[in-house]
Asks: 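I'd like to ask some things about the structure below.
Bear in mind that the values here come from a model prediction, so they are computed numbers and not experimental data.
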Amino acid sequence: MVAEPPAQPAPAARRPGAGTPRRSRRGRLPGRQDWSTWPHYQAAERGFRGYWYPVAFSSKITGRPTAVTLLGERIMVMRDRGTVYALKDRCPHRGVPLSHGDQQFPGTVSCVYHGWTFDLRSGDLVAAITDGPSSPICGKVTQPTFETAERLGMVWIFVGDGEDAHPIDEQLPEELVDNPAVVGVRLQRRAGDWRFAVENGYDEGHAKYLHRTSLWRLFKPMPVHNDTRIVKRGRWIYRVQDRQYWEADFPGLGKWSGQAWYKLRPPKENAGNSNIGNTGGSQKVDETIAAQDFPGFASVSMPGVLRIAYPRFIHYEFYVPVDAGEHLYVGVMAGFRRGIRTLPFYAKYLGAVRWLFHGQFSGQDKWMVEVTDAPPERLYRPDDSLLQWRRLAEDVTKARTGQLRAEGLTGEDPEPEAVP
Amino acid sequence: MVAEPPAQPAPAARRPGAGTPRRSRRGRLPGRQDWSTWPHYQAAERGFRGYWYPVAFSSKITGRPTAVTLLGERIMVMRDRGTVYALKDRCPHRGVPLSHGDQQFPGTVSCVYHGWTFDLRSGDLVAAITDGPSSPICGKVTQPTFETAERLGMVWIFVGDGEDAHPIDEQLPEELVDNPAVVGVRLQRRAGDWRFAVENGYDEGHAKYLHRTSLWRLFKPMPVHNDTRIVKRGRWIYRVQDRQYWEADFPGLGKWSGQAWYKLRPPKENAGNSNIGNTGGSQKVDETIAAQDFPGFASVSMPGVLRIAYPRFIHYEFYVPVDAGEHLYVGVMAGFRRGIRTLPFYAKYLGAVRWLFHGQFSGQDKWMVEVTDAPPERLYRPDDSLLQWRRLAEDVTKARTGQLRAEGLTGEDPEPEAVP
Amino acid sequence: MVAEPPAQPAPAARRPGAGTPRRSRRGRLPGRQDWSTWPHYQAAERGFRGYWYPVAFSSKITGRPTAVTLLGERIMVMRDRGTVYALKDRCPHRGVPLSHGDQQFPGTVSCVYHGWTFDLRSGDLVAAITDGPSSPICGKVTQPTFETAERLGMVWIFVGDGEDAHPIDEQLPEELVDNPAVVGVRLQRRAGDWRFAVENGYDEGHAKYLHRTSLWRLFKPMPVHNDTRIVKRGRWIYRVQDRQYWEADFPGLGKWSGQAWYKLRPPKENAGNSNIGNTGGSQKVDETIAAQDFPGFASVSMPGVLRIAYPRFIHYEFYVPVDAGEHLYVGVMAGFRRGIRTLPFYAKYLGAVRWLFHGQFSGQDKWMVEVTDAPPERLYRPDDSLLQWRRLAEDVTKARTGQLRAEGLTGEDPEPEAVP
């Protein structure tokens with residue numbers, strides 16, 4: 001009641017589409033009441049199964065088990081003689097996390113409680129130490145395992161529905177597979193629905209307003225509004241800026257502009273590369289980046305990967321569902337160069353991008369993702385970007401689910417559950 | 001199990017009348033099982049709609065938005081060119097609190113996320129900055145607004161069901177409207193159901209026992225028990241003390257008294273002003289207070305206002321429902337004087353009342369309101385004061401609800417919900 | 001998602017047998033899905049009624065009321081002229097804890113709010129101070145009381161279903177009733193279901209693996225596995241170790257042993273007292289302990305009492321249900337001696353047992369009890385000890401419940417509720 005810090009909605013209230021909206025005369029909020037237009041998307045509060053997700057820096061995964069949570073599943077990850085293994089993090093005996101245990105024999109992990117010992121590769125129970133070598137339970141229990149990979153300095157895990165994992169390179173942004181790249185990465189666990197994070201990342205409208213005060217944009221003007229189209233190419237949808245408006249006169253209110261005397265001047269007209277970077281700058285474009293011939297500077301693909309192309313580097317954001325209402329933010333800055341030419345990249349990353357872009361600028365997004373509370377929601381014209389993303393997620397998932405059902409790999413229930 | 005700090009009931013358990021009481025042979029508690037005798041009162045865990053409530057000091061409400069919660073509703077409050085405005089604190093676009101935003105144009109507030117801009121007076125969406133001046137959404141969205149007022153150095157907000165607000169002066173204690181007054185105010189957000197706070201405030205029984213150890217009563221004796229009647233006059237019900245008993249002899253137990261050698265002597269017989277103040281003192285009564293001719297020194301009115309008349313000042317408590325299980329305590333000391341004569345008032349307020357009465361004494365009430373856990377409850381004779389208050393709240397609300405229904409302003413549901 | 005501290009299951013998830021297990025093709029976990037084989041045991045998340053439980057050190061219970069929670073009931077405990085009394089810790093008037101109050105008259109306790117005064121022995125309301133000596137409510141209200149006792153330096157409370165308490169000495173371990181004993185006691189409130197604590201305590205399998213790293217076992221080897229039988233005698237079931245295996249060779253994995261160069265050598269063959277202590281040591285056995293002729297060194301009885309017999313002392317653990325998911329650990333070291341001979345006992349207790357055994361060793365058990373998450377569970381051969389304990393608890397409770405029903409003292413509902 002009395003003056004208080006701005007309230008955050010309670011976690012329960014943040015789950016999109018959960019429960020039936022209230023429709024009383026007094027209580028009904030304007031706009032869209034739920035996400036039932038996209039039923040798979042609405043149900044995906046813990047993420048979409050059937051994809052690879054980054055979970056930790058490779059350097060943090062050692063011979064000592066580590067616990068991670070991914071799409072609501074608790075997973076133990078550890079390294080054995082160079083290879084990373086991932087097992088369900090719950091000993092089937094009495095439910096104690098395997099991540100509390102350690103390694104007693106090469107190629108295995110043992111539960112701390114009674115020494116149940118699992119083969120890291122197959123998940124087979126190969127010994128129950130405290131029942132001796134002739135324990136009849138050996139060979140009768142198999143712990144669920146997950147496929148793993150290492151890319152971009154991180155460990156990735158595939159969470160599916162029993163099907164074989166597709167090659168991770170089919171899922172990574174193509175330019176990162178086909179070219180040598182140098183990367184700077186930031187991992188941060190964040191509150192808020194992972195879908196709010198994707199929608200915020202790809203949202204056409206907010207950057208020009210929310211981020212106008214960020215240090216990253218201190219000297220660079222931001223447009224007030226844009227003419228935008230969304231185009232699809234392959235697995236990606238792209239935002240194409242047909243025109244940028246650097247100031248505007250709002251009837252009855254006055255002029256408004258993202259410019260300031262200390263900021264660079266915006267370009268007189270749209271440069272040829274206006275879709276590389278969003279400042280309208282005319283920097284020379286890196287040839288690998290130019291070769292991609294991106295239709296627009298911002299693009300998104302499943303299961304929640306954002307790509308922002310700048311003239312000299314590409315910025316990616318991977319939004320990894322941890323559990324309902326929590327996600328892992330993975331910010332990646334990638335440059336396409338080798339050897340001595342990586343030095344200026346590191347200088348730029350460590351001297352600026354890490355703190356200003358992946359840090360304070362992205363911190364504003366973190367704030368919004370925490371306080372977004374939708375549906376209900378009342379969308380406006382620039383939200384076409386959101387709608388196209390939801391449509392993409394829905395269509396791809398519908399196709400995948402249909403295929404799994406044809407293969408007998410999934411039941412009726414569209415809700416993710418534990419791996420068998 | 002082992003020795004532990006005295007337990008407080010869990011928040012959920014503190015909601016009166018919530019859920020069906022358990023009636024098994026073993027579990028049934030004695031006395032009244034619920035508050036269904038007063039159905040509107042039982043349903044009012046978030047307070048009664050249709051009233052003005054103080055929410056903050058006027059000095060704290062500036063051009064920078066502030067979030068308050070009142071009767072379970074999140075409200076943004078801000079000042080624009082001297083006037084205070086209040087809007088529902090949830091941008092209809094994506095649910096972000098408007099209180100995170102700021103002002104971009106005079107007479108408006110803008111959401112921090114995408115610059116949706118609302119007229120403070122009407123709630124109309126007058127611009128969506130990031131969609132430019134021709135955004136088709138303008139004029140199609142109106143944010144709910146609340147009427148505001150400023151009195152006694154505080155901002156007040158009217159929460160109703162769609163009807164026009166009555167003038168706030170019809171609701172304030174009459175003597176504060178008709179006379180110049182000087183006030184000292186304390187605001188404190190407190191745990192506990194707002195109804196426990198009203199009931200505690202008007203409760204005839206507890207003061208003499210609970211507060212006998214307070215510093216405010218250090219030198220003043222308290223009666224052991226009283227003969228009391230409740231009388232109604234206008235909007236108020238009054239406690240009339242017909243007789244005070246300064247000591248008592250409990251059969252089989254012994255004598256008990258609120259007196260002590262270091263306390264003042266209680267009066268030999270009830271003085272003519274025994275209903276002004278509750279110590280039986282014989283101080284000369286301020287003429288404005290005397291002119292009110294209060295039938296009793298303690299009175300209460302809707303929607304939860306306590307008035308304790310002392311010879312030289314009146315003490316008020318406003319119990320403002322924040323949300324289920326939380327309220328705002330507003331303690332007001334008022335003197336009816338002007339100019340140089342306010343100086344001794346301030347000296348008494350700042351030197352004693354604020355710390356001893358609104359502070360430590362009221363802190364004992366805060367403690368009881370936190371740990372009260374009713375129903376079930378087993379009432380006793382002095383609880384007639386509680387019962388009369390509940391009856392007042394029920395009757396007034398029944399009449400108001402009937403009138404709103406006749407005007408088509410409310411539906412079947414007696415539960416408060418969001419303003420349309 | 002990213003590296004995180006090993007997860008603990010959420011409290012709700014720790015309640016054994018609560019709710020229906022999920023049986024989807026993907027989600028079904030291996031093994032036993034619930035505890036419906038033992039319905040009374042499955043329902044006993046707040047403990048078994050009809051027993052004495054230790055709640056606090058005697059020295060901590062004084063004339064000032066103390067709040068304890070036992071089997072989900074909040075109880076006020078206080079001492080009056082040497083005797084300990086226990087009353088339901090909720091004043092029937094308005095639900096305020098009596099433990100917030102104090103004593104106004106000998107033999108009574110008064111509620112802090114309005115001075116309702118209860119006889120400590122009978123629970124009768126003998127005065128309502130603020131309603132004077134003639135208050136009509138006196139004699140109409142009786143507060144539930146609990147029988148109390150003092151043993152082993154602790155206060156014990158009987159929680160039943162309305163029946164008279166059996167003598168506490170019928171429930172204590174027989175040797176503690178029949179012989180002079182000196183004790184060292186540790187009380188610690190712990191998270192986790194009390195049943196996990198009993199099961200952990202009597203569990204045949206874990207000690208040899210989990211505790212092999214404890215300081216208490218620093219110089220003593222632990223077997224790898226045992227041949228074990230469970231035998232019943234009187235109220236107790238005993239673990240009989242027929243054979244201990246000090247090392248083992250696991251096919252395809254290698255040798256594993258609880259021995260180390262700095263540990264004592266294990267005995268060549270099982271000594272005659274191999275069932276006293278579990279290290280295979282050959283210390284001379286105390287004559288009182290020898291006289292018990294225990295069939296095995298580890299035994300358990302209702303309502304959750306563990307007894308581990310060592311050559312020179314006996315160690316007991318009482319697992320006292322506080323509420324769902326919380327228990328009180330009571331570790332007792334007892335020696336059967338008097339006078340000057342108690343000095344070496346105290347030296348051993350204070351110098352070693354308290355820190356190494358009741359402390360760090362037992363802390364490993366505490367850790368496991370916190371993270372156990374069953375059912376579902378997949379038991380193995382050494383879990384026969386668990387199964388026999390559950391069978392004992394089920395059989396004894398079935399007999400007791402049948403008897404109470406015959407006496408008309410309990411209804412259909414097997415769930416514990418408040419005492420009438």
Asks: Side chain from CB out, backbone as N, CA, C, O: work out which of these in A:Asn200 comes under 4.5 Å of a heavy atom of chain B, or both, or neither.
Replies: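 Both the backbone and the side chain of A:Asn200 come within 4.5 Å of chain B.
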
Asks: Less than 4.5 Å apart, side chain to side chain, heavy atoms only: is that true for A:Val198 and A:Val300?
Replies: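 Yes, side chains in contact.
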
Asks: Report yes or no: do A:Asp365 and A:His206 form a side-chain donor-acceptor pair below 3.5 Å?
Replies: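 Looking only at side-chain atoms, A:His206 and A:Asp365 do form a donor-acceptor pair, the distance falling under 3.5 Å.
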
Asks: Report which part of B:Val141 has an atom under 4.5 Å of a heavy atom belonging to chain A: side chain, backbone, both, or neither.
Replies: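 The side chain, not the backbone.
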
Asks: Report which part of A:Tyr245 has an atom under 4.5 Å of a heavy atom belonging to chain B: side chain, backbone, both, or neither.
Replies: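 It is neither, since no heavy atom gets under 4.5 Å.
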
Asks: Below 4.0 angstrom, N of the basic side chain to O of the carboxylate: do A:Glu370 and A:Arg190 qualify?
Replies: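 Here A:Glu370 does not pair with A:Arg190 in a salt bridge, since their nearest N and O are not under 4.0 Å apart.
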
Asks: What part of B:Thr142 lies closer than 4.5 angstrom to a heavy atom of chain A: side chain, backbone, both or neither?
Replies: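 B:Thr142 has no heavy atom closer than 4.5 Å to chain A.
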
Asks: Considering only heavy atoms from C-beta outward, does the side chain of B:Arg354 approach that of B:Arg186 to under 4.5 Å?
Replies: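 The answer is yes, as the side chains (C-beta and beyond) meet within the 4.5 Å cut-off.
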
Asks: Looking at A:Thr213, A:Leu210, A:Asp249, which has the largest count of heavy-atom pairs under 4.5 Å with chain B?
Replies: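 So the answer, after comparing A:Thr213, A:Leu210, A:Asp249, is A:Leu210.
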
Asks: Step by step, work out the side chain to side chain contact (heavy atoms under 4.5 Å, CB included) result for A:Val240 and A:Thr228.
Replies: CA-CA 6 Å; A:Val240 183; A:Thr228 301; over 6 Å; no

Asks: Measuring heavy-atom distances to chain A, does B:Ile137 have an atom under 4.5 Å in its side chain, in its backbone, in both, or in neither?
Replies: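 The side chain, not the backbone.
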
Asks: Hey, can you tell me if B:Trp116 and B:His93 have their rings parallel, tilted or perpendicular (30° and 60° cut-offs)?
Replies: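 Plane angle under 30°, so parallel.
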
Asks: Counting only non-hydrogen atoms closer than 4.5 Å, does B:Cys111 touch chain A with its backbone (N, CA, C, O), its side chain (CB onward), both, or neither?
Replies: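 The answer is the backbone of B:Cys111.
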
Asks: Between B:Gln104, B:Met154, B:Met76, which residue shows the highest count of heavy-atom pairs closer than 4.5 Å to chain A?
Replies: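 If we count pairs closer than 4.5 Å to chain A, B:Gln104 comes out on top.
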
